[in-house]
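For this chain, numbers begin at 1 and follow the sequence in order.
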Amino acid sequence: MRNALGALGLLVASVATACVVTAVWFWTSSPRLEVAVPATISAPPPERLPATAAATSAAARDDVEVTAALSEKPPVPPQPKTACANPDALGVSRVVEVDTTGGPGFGFEHFKQLDFLTDKEVVLTFDDGPWPVNTPSVLKTLADECTKAVFFPIGKHATYHPEILRQVAAAGHTVGAHTWSHANLNGKNFTEQQARDEIEKGFSAVKLALGAAPAPFFRFPQLQHRPDAMTYLGSRDVAIFSCDVDSFDFKAKDATQVINSVLTKLEKSGKGIILMHDFQKHTAEALPALLRRLKAGGYKVVQMKAKAPLQTLAEYDEALVKEIKLPVASTRPVGSVVQTVSQ
Ligand SMILES: [Zn+2]
């Protein structure tokens, strides 16, 4: 009896061991475990950026030569360049192509992993447009200096002024998105779903305005990096842009303050992504002199482009089309809607 009990005990112990081993194997090998790990938002290691910035994309070849260094691939054959009428223009010193897989973060104010700029290199970024007068003025200044920037338009503004946003894209600038309504996604009572809706609707609005998908580049309003929204952006392969130099141009009393703010901060950081607003009058006024000062100071502009456009979600694209068409339909005169055909 004791032997029988012993054998039974051994059997139970063996089964238990087998279960534990199986469970451990399951959890360590299950692909679901990888999805659950928040590493989906982790940025690729720094050395990946130059490699992925390889000069292979047709999208990166429009008017400036892709000069991303450290590529082991053959150099791009010379591309026809758009003539720059200004021989002393600031220009674009190199174009980098960003592989947004996993949602890499840029801008040392919040993300320190991807240090791809060398000394004196800057990236120009403009938020909150498109807006009449100011955005076209910014575009003219950038064109006069033969240089390129990244724009983060607000979805609503894109639906108000799609023709201005199309001018931004047509000029060869990179266009990402900056939510639908510029809501603070970290705001009180703001749900995770509402944050996703703001992000997706913003991208769909930019796509609707442009007639083409934007770059998977996103900037949080007020740089309020909501953690679950960052994880979500990672799962959508959208790069997140903070900045290195925050101009605080929206607080500037005049153009001179914008210029001084940018140059003072840039002197300290030596390089970096500069955050400005094409929405702001003082920024538009400051830009010609600011770009001259950057040129005189030996700064060089790097343009960031995406390796592939964002795949917007059909449900948001469709909902937005319906939402925008609604007021248009309601403004039709009654005579064109209801006609008496027999009495
Ligand atoms: Zn903004």
> Is there a path from L114 to V96 through hydrophobic residues (I, L, V, M, F, W, Y) whose side chains come within less than 4.5 Å of each other?
Replying inline: yes
> Quick one: does L90's side chain get under 4.5 Å of C146's, heavy atoms only?
Replying inline: no
>> Please report the interatomic distance CZ(R293) to CG(L266), rounded to the nearest 0.5 Å.
In response: 11.5 Å
>> Is there a salt bridge (Lys or Arg N to Asp or Glu O under 4.0 Å) between D244 and K112? Walk through the geometry before answering.
In response: CA-CA 10 Å; D244 300 84; K112 313 241 186 248; over 6 Å; no
> Is V168 close to L210 at the side-chain level, that is, under 4.5 Å between some pair of heavy atoms?
Replying inline: no
> Roughly how far apart are F218 CZ and F203 CZ, rounded to 0.5 Å?
Replying inline: 6.5 Å
> Is there a path from I259 to V122 through hydrophobic residues (I, L, V, M, F, W, Y) whose side chains come within less than 4.5 Å of each other?
Replying inline: yes
Can you give me every donor-acceptor pair (side chain of residues 150-158, partner residue at least two apart or in another chain, under 3.5 Å) with its distance?
residue : atom : partner : partner atom : Å
H157    : ND1  : D128    : O            : 2.7

> Under 3.5 Å, is there a donor-acceptor pair between the D278 and T135 side chains?
Replying inline: yes
> For the side chain of T100 and the backbone of D237, is there at least one donor-acceptor N/O pair under 3.5 Å apart?
Replying inline: yes
>> Using side-chain heavy atoms (C-beta onward) and a distance below 4.5 Å, is N186 in contact with P227?
In response: yes
> Going through the distances and angles, do V123 and V301 end up as a side-chain contact (heavy atoms from CB on, under 4.5 Å)?
Replying inline: CA-CA 6 Å; V123 177; V301 173; over 6 Å; no
> Should we count NZ of K120 as having more than 12 external heavy atoms under 6.0 Å?
Replying inline: yes
> Within the side chain of T283, is there an N or O that forms a donor-acceptor pair under 3.5 Å with the backbone of F279?
Replying inline: no
>> Once rounded to the nearest 0.5 Å, what's the spacing between atom CZ of F241 and atom NE2 of H110?
In response: 14.5 Å
> Has the side chain of K207 got a donor or acceptor atom that lies under 3.5 Å from a matching backbone atom of P214?
Replying inline: no
> Does NZ or CZ of K201 come closer than 6.0 Å to the centre of the six-membered ring of Y316, within 45° of the ring's axis?
Replying inline: no
> Are any of the side-chain nitrogens in D246 or K265 under 4.0 Å away from the carboxylate oxygens of its partner?
Replying inline: no
>> Under 4.0 Å between a side-chain nitrogen and a carboxylate oxygen: does that hold for R219 and D127?
In response: yes
>> Could you check whether any side-chain heavy atom of V302 comes within less than 4.5 Å of a side-chain heavy atom of V92, counting everything from C-beta outward?
In response: no
> Do D88 and R292 pass the side-chain contact (heavy atoms from CB on, under 4.5 Å) test, and can you show the C-alpha distance, the side-chain angles, and the key distance before you say yes or no?
Replying inline: CA-CA 9 Å; D88 189 38; R292 285 287 82 210; 2.8 Å; yes
> Taking the inter-plane angle between the rings of H182 and H178 on a 0 to 90° scale, is it parallel (under 30°), tilted (30 to 60°) or perpendicular (over 60°)?
Replying inline: perpendicular
>> Within the 3.5 Å criterion, strictly below it, is a donor on D317 or S204 matched to an acceptor on the partner's side chain?
In response: yes
>> Under a 3.5 Å threshold, yes or no: a donor from one side chain and an acceptor from the other, between T174 and Q303?
In response: yes
> For A255 and A286, which heavy atoms make the closest approach, and how far apart are they?
Replying inline: O-CB, 3.5 Å
> Do D144 and N86 have side-chain heavy atoms sitting under 4.5 Å apart?
Replying inline: no
> Hey, any chance W131 and V138 share a hydrophobic cluster, counting ILVMFWY side chains that come within less than 4.5 Å of each other, even indirectly?
Replying inline: no
> So if you build clusters from Ile, Leu, Val, Met, Phe, Trp, Tyr with side-chain heavy-atom gaps below 4.5 Å, do L294 and F126 land together?
Replying inline: yes
> Do M304 and L275 share a hydrophobic cluster (ILVMFWY, side-chain heavy atoms under 4.5 Å, transitive)?
Replying inline: no
>> Let me confirm one number: the CD-OG distance from Q257 to S247, rounded to the nearest 0.5 Å.
In response: 11.5 Å
> Under 4.5 Å between any side-chain heavy atoms of D197 and I199, yes or no?
Replying inline: no
>> For a quick test of reading the model, state the closest non-hydrogen atom pair linking T147 to L124 and the distance between them.
In response: CG2-CD1, 4.1 Å
> Can the ring centres of H277 and F248 be said to be less than 6.0 Å apart?
Replying inline: no
>> Can you give me the closest heavy-atom contact between K300 and S93, atom names plus distance?
In response: CB-OG, 3.5 Å
> Who are the side-chain contact (heavy atoms from CB on, under 4.5 Å) partners of F190, not counting sequence neighbours?
Replying inline: A183, L185, Q194, A195, E198, R226
> Rounded to the nearest 0.5 Å, what separation is found between the OG atom of S242 and the CZ atom of F220?
Replying inline: 10.5 Å
> So, do I273 and F108 sit near enough that their side-chain heavy atoms are less than 4.5 Å apart?
Replying inline: no
> Does some side-chain heavy atom of Q280 sit less than 4.5 Å from a side-chain heavy atom of V258?
Replying inline: no
>> Quick check against the 3.5 Å criterion: does E121 have a side-chain atom that pairs as donor or acceptor with the backbone of T118?
In response: yes
> Are D249 and K281 close enough for a salt bridge, meaning some N to O gap below 4.0 Å?
Replying inline: no
>> Show the nearest heavy-atom pair for residues V98 and P104, with the distance to one decimal.
In response: CG1-CG, 4.4 Å
> Are K140 and E145 ion-paired here, with the side-chain N under 4.0 Å from a carboxylate O?
Replying inline: no
>> One pair to check against side-chain contact (heavy atoms from CB on, under 4.5 Å): T312 and L208. What are the steps and the verdict?
In response: CA-CA 10 Å; T312 58; L208 189 65; over 6 Å; no
> Looking just at side-chain N and O atoms, do E267 and T264 make a donor-acceptor pair shorter than 3.5 Å?
Replying inline: no
> For the atom pair CZ (F106) and CD1 (I240), what is the distance rounded to the nearest 0.5 Å?
Replying inline: 10.0 Å
> For V206 and L165, what are the C-alpha separation, side-chain angles and deciding distance, and is it a side-chain contact (heavy atoms from CB on, under 4.5 Å)?
Replying inline: CA-CA 8 Å; V206 172; L165 194 60; 3.9 Å; yes
>> Quick test of your reading: applying salt bridge (charged side-chain N to carboxylate O under 4.0 Å, His left out), list the pairs with at least one residue in residues 162-189, sequence neighbours left out, ordered by first then second residue.
In response: none
